[in-house]
Amino acid sequence: MVVPDTLTGRRVAFVVAPEGTEQVELTEPWKAVRDAGGQPELVSTETGSIQAFNHLDKADTFPVDRVVREVSADDYDALVLPGGVANPDYLRTVPEAVTFIGQFFAQGKPVGAICHAPWTLIEADVVRGRRMTSWPSLKTDLVNAGATWVDEEVVVDEGFVTSRKPDDLPAFCAKVVEEISEGKHAGQTA
């Protein structure tokens, strides 16, 4: 259960590619942040709108608030990375997105990543030594990048929250809001 006003005044970046984001992994955490009084902002690599998906089928579009080349982690209190196969696969090829994501770890700010989103975190070189989970097909990639991968609904490691799939969203959303409300975590610094 999300407690109203626990995130009042907190800005949260949701970073996504122009297409390929799993819609429910964007909309449910977005709603949890908003319901807790936070200010979610959609950050992408291009202006306009993003095309979300329900698995492989096109879903809704969402307006982009900011583009990644114009923002810094200094502008936000936390970061959420939704999944979808194509979304993080694209983001990890955009140097500005990878740098932006890495800044949150360097500053000890809370980060939530679900499903396939950790692919981008591997590129940002921030998973080494972390205990985390993801969609099962990323296990080998994460282990090879130095993470300790576990098959659990939600994993929290010093302000870093990960979950496996859409079925985990209730636990993921609750932990993301909790970690954002706690603020910076010294152990989060990568």
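From a predicted model like this one, the values you see are computed outputs, not experimental measurements.
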K.L.:
Hey, could you give me the CG/OG distance between Leu121 and Ser134, rounded to the nearest 0.5 Å?
P.N.:
10.0 Å

K.L.:
Which residues pass the side chain to side chain donor-acceptor pair (under 3.5 Å) test with Asp141, sequence neighbours left out?
P.N.:
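If we apply the side chain to side chain donor-acceptor pair (under 3.5 Å) test to Asp141, skipping adjacent residues, the hits are Trp119.
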
K.L.:
For a quick test of your reading: what N or O donor-acceptor pairs under 3.5 Å do the side chains of residues 95-104 make, sequence neighbours left out?
P.N.:
| unit_1 | atom_1 | unit_2 | atom_2 | d |
| --- | --- | --- | --- | --- |
| Thr99 | OG1 | Pro95 | O | 3.0 |
| Gln103 | OE1 | Ala73 | N | 2.8 |

K.L.:
Who pairs with Pro110 by side chain to side chain contact (heavy atoms under 4.5 Å, CB included), at least two apart in sequence or on another chain?
P.N.:
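Once residues adjacent in sequence are excluded, the partners of Pro110 under the side chain to side chain contact (heavy atoms under 4.5 Å, CB included) criterion are Ala78, Glu179, Ile180, His185.
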
K.L.:
Report the C-alpha separation of Leu81 and Ile114 in whole Å, then their side-chain angles, then the decisive distance to 0.1 Å, and conclude whether the side-chain contact (heavy atoms from CB on, under 4.5 Å) test is met.
P.N.:
CA-CA 7 Å; Leu81 298 169; Ile114 188 167; over 6 Å; no

K.L.:
Rounded to the nearest 0.5 Å, what separation is found between the CG atom of Leu138 and the OG1 atom of Thr162?
P.N.:
11.0 Å

K.L.:
Please report the shortest heavy-atom distance between Val177 and Ala36, naming the atom on each side.
P.N.:
CG1-CB, 3.8 Å

K.L.:
What's the spacing between His116 NE2 and Thr21 OG1 if we round to 0.5 Å?
P.N.:
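Answer for the NE2-OG1 pair, His116 versus Thr21, is 13.0 Å.
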
K.L.:
What residues form a ring-ring contact (aromatic ring centres under 6.0 Å, His included) with Trp149, not counting sequence neighbours?
P.N.:
none

K.L.:
Is there any side-chain hydrogen bond (donor to acceptor under 3.5 Å, both in side chains) pair reaching into residues 164-175, and which pairs are they, with sequence neighbours excluded?
P.N.:
Asp151-Arg164, Arg164-Asp168, Lys175-Glu178

K.L.:
Which atom names give the shortest non-hydrogen contact between Val80 and Pro29, and what distance separates them?
P.N.:
CG1-CB, 4.2 Å

K.L.:
CZ of Arg131 to CG of Leu142: how many Å apart, nearest 0.5 Å?
P.N.:
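It comes to 13.5 Å.
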
K.L.:
With sequence neighbours excluded, what pairs up with Arg69 under the salt bridge (Lys or Arg N to Asp or Glu O under 4.0 Å) test?
P.N.:
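Not a single residue meets the salt bridge (Lys or Arg N to Asp or Glu O under 4.0 Å) criterion with Arg69.
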
K.L.:
Where is the tightest heavy-atom contact between Gly83 and Cys115, given as atom of each residue plus distance?
P.N.:
CA-CB, 4.2 Å

K.L.:
Have a look at Pro118 and tell me which of Arg130, Met132, Arg92 forms a side-chain contact (heavy atoms from CB on, under 4.5 Å) with it.
P.N.:
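Going through Arg130, Met132, Arg92 one by one, the side-chain contact (heavy atoms from CB on, under 4.5 Å) with Pro118 is satisfied by Met132 alone.
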
K.L.:
Walk me through whether Thr140 and Val143 qualify under side-chain contact (heavy atoms from CB on, under 4.5 Å).
P.N.:
CA-CA 5 Å; Thr140 300; Val143 169; 5.8 Å; no

K.L.:
Going by side chain to side chain contact (heavy atoms under 4.5 Å, CB included), name the residues that satisfy it together with Asp57, two or more places apart in sequence or in a different chain.
P.N.:
none

K.L.:
Could you give all pairs that pass the ring-ring contact (aromatic ring centres under 6.0 Å, His included) test and reach residues 29-69, with sequence neighbours left out?
P.N.:
Phe14-Trp30

K.L.:
Do you know which two heavy atoms are closest between Gln23 and Ala59, and how far apart they sit?
P.N.:
OE1-CB, 2.9 Å

K.L.:
Determine the minimum heavy-atom distance between Val24 and Pro166, stating which atoms define it.
P.N.:
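Taking Val24 first and Pro166 second, the nearest heavy atoms are CG1-CB, 3.9 Å.
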
K.L.:
What heavy-atom pair brings Ala145 and Val127 nearest, and what distance separates the two atoms?
P.N.:
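Shortest heavy-atom separation between Ala145 and Val127 comes out as CB-CG2, 3.6 Å.
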
K.L.:
For residues 159-179, pull every pair meeting ring-ring contact (aromatic ring centres under 6.0 Å, His included), keeping only residues two or more places apart or in separate chains.
P.N.:
Phe105-Phe160

K.L.:
Show which residues join Val155 in its hydrophobic cluster (side-chain heavy-atom contacts under 4.5 Å, direct or indirect), or state none.
P.N.:
Val150

K.L.:
Distance-only check: which donor-acceptor pairs under 3.5 Å involve side-chain atoms of residues 40-48, not counting sequence neighbours?
P.N.:
| unit_1 | atom_1 | unit_2 | atom_2 | d |
| --- | --- | --- | --- | --- |
| Glu41 | OE1 | Arg11 | NH2 | 2.9 |
| Glu41 | OE1 | Tyr76 | OH | 2.8 |
| Glu41 | OE2 | Arg11 | NE | 3.1 |
| Glu41 | OE2 | Arg11 | NH2 | 2.8 |
| Glu41 | OE2 | Gln39 | NE2 | 3.1 |
| Ser44 | OG | Val16 | O | 2.8 |

K.L.:
Under a 3.5 Å threshold, yes or no: a donor from one side chain and an acceptor from the other, between Asn87 and Glu22?
P.N.:
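No, no side-chain donor-acceptor contact under 3.5 Å.
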
K.L.:
Find the distance between CD (Glu153) and CG (Leu169) and round it off to the nearest 0.5 Å.
P.N.:
10.0 Å

K.L.:
Can you tell me how far apart CD1 (Ile50) and CG (Leu26) are? Round to the nearest 0.5 Å.
P.N.:
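It is 5.5 Å, given to the nearest 0.5 Å.
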
K.L.:
Report the residues that fulfil side chain to side chain contact (heavy atoms under 4.5 Å, CB included) with Thr61, sequence neighbours left out, ordered by chain and then residue number.
P.N.:
Ser49, Gln51

K.L.:
Side-chain contact test, heavy atoms from C-beta onward, threshold under 4.5 Å: evaluate it for Val161 versus Val154 and give yes or no.
P.N.:
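With C-beta onward as the side chain, the pair touches.
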
